[in-house]
Amino acid sequence: MPELPEVEIVKQSLLNEVKNQKINKVNVFNRNLRYKIQKGFEDFFKNQKILNISRRSKFIIFHFKNKNYCILHLGMSGTLHLLKNDYPSNSTNLSFYQSKLLPKKHNHVVFYFFKFKLVYNDPRRFGFFKLIDSKYKLDNFFKPFFPEALDKKFNLDYIKNKLKYKSKNIKNFLLDQKFVSGIGNIYASEILYYCKINPLKKGKNLNIKDIKNIIKYTKIVLKNAIKSGGSSIKDFKNTKGKSGNFQKEFKVYDRDNLKCLKKSCNGIIKKIDINNRSTFYCNNCQK
DNA sequence: CCGTTAACCTGAGAGC
DNA sequence: TGCTCTCAGGTTAACG
């Protein structure tokens, strides 16, 4: 589900709601997420105050005292929900701001605070939690996911060297979190549209102008998406149950067979399959 | 090492 | 209504 902008919105919601709040108790109803929830997970949080919440690429990081951290990845369908405390833990249909029915069987982890609880719901269970007990291990964990799309290190020299001699197409590069982290399937198509680059163009065939455009529009697209509150296709909501609006600004994603939105372009948006992922592009202005 | 495929899992929606 | 099929915003082991 969530790419960098959506995860950023979730993080911001969490900062508003649970920063400096103490966790009284944690219940795990299903340990079988992408990686099994480890033994001792529940005890890790007992009476711990959440000192800060940050984000790296598509990961949310909860900070605790003594350099303890909990990393959360939302996978495709993971969501967090704030619920009032005086409902049974597996009752799901009341958030603070919006009544929304959520299949309670997918509530896998619940964090109890003084007046409310934070519920992790994830139908497909591609998300995961990971506990980390030192700053060194935290940095190590993120080492492969560098640079992040918004990082200054995602620059001309870096990209030029990485793409040199490579036959892999640029769409796949943008999705490769070890090449650049934070971009997912929606924003990869959107970014390449603004760059006027065909998603199948090989890494080695990108010219300097292409690369400069990728740097420029990666940042513009992601930042604008954050400003719009992220994209809500099916189930993305912030923790207040509010949807994002960026999907209204999609230029190519989910617009197959429609006209290119660029004035003076007579192209049609095509949908193709690249490595089992839907990819959208204009057949006229993306070369 | 490089690039591609299949697999992990459930639910929504289309088509019949 | 109900069955079957396809597809979904992510990642990664395994393969050639």
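Throughout, protein chains are lettered first and strands after them, A, B, ... in sequence-line order, and every chain is numbered starting at 1. Atoms considered below: every heavy atom in the structure, side chains included; atoms not considered: hydrogens, waters and symmetry mates.
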For atom [atom1] of [X] and atom [atom2] of [N], their distance in whole Å:
X	N	atom1	atom2	result
A/I226	C/dG9	CD1	P	19 Å
A/F126	B/dC8	CZ	P	9 Å
A/I272	B/dT4	CD1	P	13 Å
A/M76	C/dG10	CE	C1'	5 Å
A/K171	B/dG3	NZ	P	16 Å
A/L174	C/dG10	CG	C1'	15 Å
A/K164	B/dC1	NZ	P	18 Å
A/N121	B/dT10	CG	C1'	11 Å

Item to check | Heavy-atom pair of closest approach, residues A/F280 and A/S189 | outcome: N-OG, 3.1 Å
Checklist entry - Where along nucleotides 11-16 of chain C does protein come under 4.0 Å, by heavy atom, of base (B) or sugar-phosphate alone (S), with - for untouched nucleotides? => result BS----
OP1 or OP2 of [N] versus the side-chain N and O atoms of [X]: is any pair under 4.0 Å?
X	N	result
A/K105	B/dT10	no
A/S278	C/dA8	yes
A/Y187	C/dG9	no
A/H106	B/dG11	yes
A/R125	B/dT10	yes

Checklist entry - For the ring pair A/Y69 and A/F62, is the centre-to-centre distance below 6.0 Å? => result no
Next on the checklist: I'd like to know whether the aromatic ring centres of A/Y187 and A/F246 sit less than 6.0 Å apart in this structure.
Outcome noted: yes
Next on the checklist: Give me the distance, rounded to whole Å, that separates B/dC9 from C/dA14 when you measure between the P atoms they each carry.
Outcome noted: 15 Å
Checklist entry - Using atom P of each nucleotide, how far apart are C/dG9 and B/dG3 to the nearest Å? => result 23 Å
Next on the checklist: Under a 3.5 Å threshold, yes or no: a donor from one side chain and an acceptor from the other, between A/N213 and A/K216?
Outcome noted: no
Answer with base, sugar-phosphate or nothing: what part of the nucleic acid does [X] contact at a heavy-atom distance below 4.0 Å?
X	result
A/N172	sugar-phosphate
A/K271	sugar-phosphate
A/N185	sugar-phosphate

Charged N-O contact under 4.0 Å between [X] and [Y]:
X	Y	result
A/R31	A/E42	yes
A/D210	A/K201	yes
A/K143	A/D139	no

Next on the checklist: Pairs counted only when both distances fall under 3.5 Å, Watson-Crick or G-U: show me the 5' to 3' dot-bracket for DNA chain B, [ ] for pseudoknotted crossings and | for other-strand partners.
Outcome noted: .|||||||.|||||||
Item to check | Contacts of type side chain to side chain contact (heavy atoms under 4.5 Å, CB included), residue A/Y136, not counting sequence neighbours | outcome: A/S134, A/N140
Checklist entry - What nucleotide among C/dA8, B/dG11, B/dT5 has an atom nearest to a side-chain atom of A/P123? => result B/dG11
Checklist entry - Is the A/Y158 ring parallel, tilted or perpendicular to the A/F179 ring (thresholds 30°, 60°)? => result parallel
Item to check | Whether A/F59 and A/F145 hold their rings parallel, tilted or perpendicular, with breakpoints at 30° and 60° | outcome: tilted
Next on the checklist: For A/K168 and A/N276, find the nucleotide of DNA chain B closest to each by heavy atoms; which residue's nucleotide sits nearer the 5' end?
Outcome noted: A/K168
